[in-house]
Amino acid sequence: MGENQDWVGRVKPSKSAGLFKPFVDATEACELAARLQHHPQQALLIPLGVQGAVLAFNGQQYAESACKVAVCSTVGAGDAFLSSFALAW
């Protein structure tokens, strides 16, 4: 795990209380996913908030930008994101 330590803690609080923004972009997330994926069949999903998400699977990394939506609340956004992915997977 030592070589993957450089990304730990690379999030910072945003000006809005309770929200976090990633320091990494899709390119960095793809590089991170490639390092963290130990088995080709292992799926690794990295949400990037308004920047979208990165999925690593079968030795490939896929980046997708986020849809533009009117945000009423971010409560449960991560749960909804992961449950939607799990349902579709």
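Hydrophobic cluster membership is shared by Leu36 and Leu48, with clusters built from Ile, Leu, Val, Met, Phe, Trp and Tyr side chains linked at under 4.5 angstrom.
Closest approach of Cys30 and Gln61 over heavy atoms only: O-CG, 3.5 Å. Taking both residues in full, the closest heavy atoms of Gln51 and Ala26 are given as OE1-N, 4.0 Å, listed atom of the first, atom of the second, then distance.
For the side-chain contact (heavy atoms from CB on, under 4.5 Å) with Leu32, the qualifying choice from Val54, Ile46, Thr27, Leu44 is Ile46, the only one to do so.
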Donor-acceptor pairs are to be reported for all side-chain atoms of residues 81-89 against protein atoms at under 3.5 Å, with residues two or more places apart or in another chain.
{"from": "Ser83", "atom 1": "OG", "to": "Asp79", "atom 2": "O", "distance (Å)": "2.9"}
{"from": "Ser83", "atom 1": "OG", "to": "Ala80", "atom 2": "O", "distance (Å)": "3.2"}
{"from": "Ser84", "atom 1": "OG", "to": "Ala80", "atom 2": "O", "distance (Å)": "2.8"}

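Of the possible polar contacts, none joining the Asn58 side chain to the Gln60 backbone as a donor-acceptor pair under 3.5 Å is found.
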